[in-house]
Amino acid sequence: MAIQQLDEQQVRTWTLEQKDRWWLEHVWRGNMPQLTLRSAATGMILGGLLSLTNLYIGAKTGWTLGVGITSVILAFALFKLLGQLGLANEFTVLENNAMQSIATAAGYMTAPMISSLAAYMLVTDTIIPMGTTMIWIVALAALGVLFAFPLKRRFINDEQHPFPEGRAAGIVMDALHTSDAARGMFKARILVVAGSAAALLQFLKNGDILGKLKLGFLAIPEFLDGWFYTLSAKWFAWTPSINGVDLRQLSVRPETDFVMMAAGGLMGIRVGVSLMVGAVINYLILAPLAISGGDIKSAVTFSEGQVRDVPGFVATVSQAADPVSAFVWQDFGADSHQVLLSTDTPAARREAVLVAALNLTLNAGGTLKGTNLYSPERFAGVALSPTARGFVGRELDKDELTHFNRQLLEDAYPAFISTDRTLVYGFRRITAWALWGGVAMMTAASLFSFFSKPQILLSAFRGMFGRKQPGSDNDVLRNIELPMMVFVLGIPILGALVVLLAHRFFGVEVWMGVVAVPLIFVFTLIGVNSTALTSITPTGALGKLTQLTYGVLAPGNVTTNLMTAGITAEVASNASNLLMDIKPGYLLGAKPRQQAIGHVLGIFAGAVVAVPVFYALFLQNGVSGLTNEQYPMPAATIWRGVAEMLTKGLSELPMTARWAVVVGAILGILFETLRLVTKGRFWLSAVGIGLAAVIQFNTCFAMFLGSFLFWLAGRTFRRPESKVHEIVVKNQEPICGGIIAGGALMGILLQLLSIQLDR
């Protein structure tokens, strides 16, 4: 049957009791089989396997993919086939729903291993024992389940937030399991067509694989502006920029991300517009200003024409007649010497080797120090520029070291070394500055929104203490909802266990661990609010906010900074994911408590499968295996970098970023106030605007575009008899759900195939 939902006016005006009674009468499916032995086993097996895809993808990109829809389709297909063969009855829709809760929980268990735990091992140069890792991530995930309990009534039952990815999973399951009805069959066909088209388009976006298949001419570009920049450079010698910064470095470009467009279609026009407003403010106004002011620092790359006279420079340094030449020539290495001096070496090859050498990654392992190249004796006859003098005498990070050593070479060889260089910014450098204002806005808005309706939380506890009067209980879902006593007793017990584990495993002082527990509640509110609107849980941003807090509480203690952030961010992420899993159950009439049990089963499945594979793949040869060209672990690198910066003190945070925190918090409260006063009619979402600070512009644009196209279709084709209305407007959810499902399945397949081809 088609999913039944309250309309916008009912959501705004009905009480929680009215909404619960309506759900019990119209959606609740009674005792239909849900968490059965076969649904549990299927979920644990699929979840364990899909967690490995997240382990590979996360190590290469820093991202983890939601596996709920993927698992739903795989399980449906499996039991459909078994049913046709007479080997099993087909899955019920609620069995499939319970199964996806388990699989999704397992799929997300890899997140700490590619972020906070990997960063900890890199900082300490110590491998955490496998058993320690398994116990730690299970404890964090289980605590996340407990923190989700009291929030379900508010975000799902009362405010009816979309949780787009969870909603898509519910729509997919409904369409798959009701295909016998004419209406359900029509929706299923739309879903299949949309999913197939998305899978095909996703395949055609992978130019590397198409090239290997000799089908490169069919490739769809990842970005749609390549032709423009080619023509612009050829005919006009002009590159669009703001304050001299290439728009591409600001991530301002259209892309063919169909999955994110579909996510935008599910989240709706208001959130889409909010994301777009935030992206425009962040990337087109604030980021260029911060770059001009020096608050967003650049990396430096050098062009291949960096040496004006290659033969002359090689002749000078190879003679080693001065201390600088002796040092540089020795550091180039024997292989480079042979290439540079051989008369048979093509000019292009000689220049390429020289370019690589002059980028000056001087010592293996990236252990450069500021005095590796500079010394008073070596540069006694060289007039250092103000830039070089500014670097002398202070500890430098790797980008600064490359810039510093390069500057020293320009000072020593002004006749040979060109000063041509390119300043590179990009999303990571921009978001390292922008996230503070965005997180402050999300924090203030989420807290204000929560405490503006305290009756939702209070109602969850009502009746737990003391005796109720007859007729005073309005909780019609008491026997269906998650029992609040588990939350009240479980959080203190499991929270204390996590604090003790942090002290035992990572040396976090007990009182600092205790401080992290209330922070979990705050960040869970933020994470759930974000996930509810966009399906994006800003785990990294929330972790950085904790890192800032402990930069004050424990200055200089980088391990405490990392692991307390790991506690808050990972627990908030698991709580958000659980509510994402419960959303399709609410749409389909399932028992939330069975989904919570399933989530716990998935936690163990993911840990048992993913942790041993993580150690086998990345830690066989020590900590050095965590970062290499094939698996750079970008998330862990970012966590490590932020921790090392913040432990130096708040003075490391630019003044403009501090002002952004204040302004962001004020705007967050203002927007939430307007939303309450207008009873939800105010268009802009503070969470949506704040999220744009930690999401690339092109992704924000893709989500906005998806929301806008479906909104436009709804406004243009209003007549029910219209074909477009029948196919697109009335079936927006199956279309978006199919695109997300098809794109996600093909995306995982292509990632795995690319990994195999890269070996």
Side-chain angles (χ1 to χ4, degrees), residues 54 57-58 61-70 162-169 171-172 191 194-195 197-206 220-225 248 250-280 282-283 427 431 438 530-541 576 580 685 687-713 732-748 750-751:
N54 267 340
I57 294 167
T61 68
W63 290 83
T64 52
L65 302 176
V67 301
I69 293 177
T70 304
F163 289 90
E165 190 175 305
R167 184 179 173 189
I171 292 164
V172 169
L191 186 146
L200 175 62
L201 292 172
Q202 193 80 1
F203 175 75
L204 294 177
K205 284 176 60 178
N206 196 305
I220 297 174
E222 181 180 2
F223 296 101
L224 298 174
D225 55 4
R248 290 169 291 186
L250 297 170
S251 71
V252 180
R253 54 193 321 196
E255 66 173 339
T256 53
D257 193 339
F258 309 107
V259 174
M260 297 313 297
M261 292 179 194
L266 287 179
M267 71 178 62
I269 188 64
R270 294 191 179 188
V271 177
V273 168
S274 298
L275 280 168
M276 198 65 231
V277 169
V280 169
N282 186 48
Y283 292 99
F427 169 70
T431 197
S530 171
T531 306
L533 294 174
T534 67
S535 288
I536 297 173
T537 306
T539 306
S576 301
M580 181 84 81
S685 159
V687 173
I689 294 175
L691 269 176
V694 292
I695 304 176
Q696 294 184 13
F697 182 96
N698 46 272
T699 302
C700 293
F701 180 74
M703 289 191 283
F704 161 73
L705 184 61
S707 67
F708 174 75
L709 290 176
F710 279 102
W711 173 82
L712 185 63
Q732 178 176 340
E733 291 87 353
I735 291 172
C736 293
I739 292 173
I740 292 173
L745 282 170
M746 183 57 70
I748 289 174
L750 293 175
Q751 286 281 3

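Because the structure is predicted, anything quoted here is derived from the model rather than measured.
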Enquirer: What pair of heavy atoms forms the shortest contact from Gly438 to Ala693, and how long is it?
Expert: CA-CB, 3.8 Å
Enquirer: Between CD1 of Ile689 and CG of Asn282, what distance do you get to the nearest 0.5 Å?
Expert: 11.5 Å
Enquirer: Can you find a pair of side-chain heavy atoms, one from Leu275 and one from Phe704, that are under 4.5 Å apart?
Expert: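 Not in contact.
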Enquirer: Quick check for you: to the nearest 0.5 Å, what is the distance between Phe223 atom CZ and Lys205 atom NZ?
Expert: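 Phe223 atom CZ to Lys205 atom NZ measures 8.5 Å (nearest 0.5 Å).
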Enquirer: Within the distance-only criterion (no hydrogens, no angle test), does the side chain of Thr256 pair as donor or acceptor with the backbone N or O of Pro221 below 3.5 angstrom?
Expert: yes
Enquirer: Please find the pair of heavy atoms, one from Ala702 and one from Asp257, that lie closest to each other, and give the distance.
Expert: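 For Ala702 versus Asp257, the nearest heavy atoms are CB-O, 4.2 Å.
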Enquirer: With sequence neighbours left out, what residues match Leu705 under side chain to side chain contact (heavy atoms under 4.5 Å, CB included)?
Expert: Met261, Phe701, Leu709
Enquirer: Looking only at heavy atoms, what is the nearest atom pair of Tyr283 and Leu250, with distance?
Expert: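 Where Tyr283 meets Leu250 most closely, the heavy atoms are CD2-O, 3.1 Å.
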Enquirer: Which pair of non-hydrogen atoms, one from Val252 and one from Phe697, has the smallest distance, and what is that distance?
Expert: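 Answer, listing the atom of Val252 first, then Phe697: CA-CD2, 3.6 Å.
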Enquirer: Report the distance from atom CE of Met260 to atom CD of Glu255, rounding to the nearest 0.5 Å.
Expert: 8.5 Å
Enquirer: Between Ser707 and Val273, is there a side-chain heavy-atom distance shorter than 4.5 Å?
Expert: no
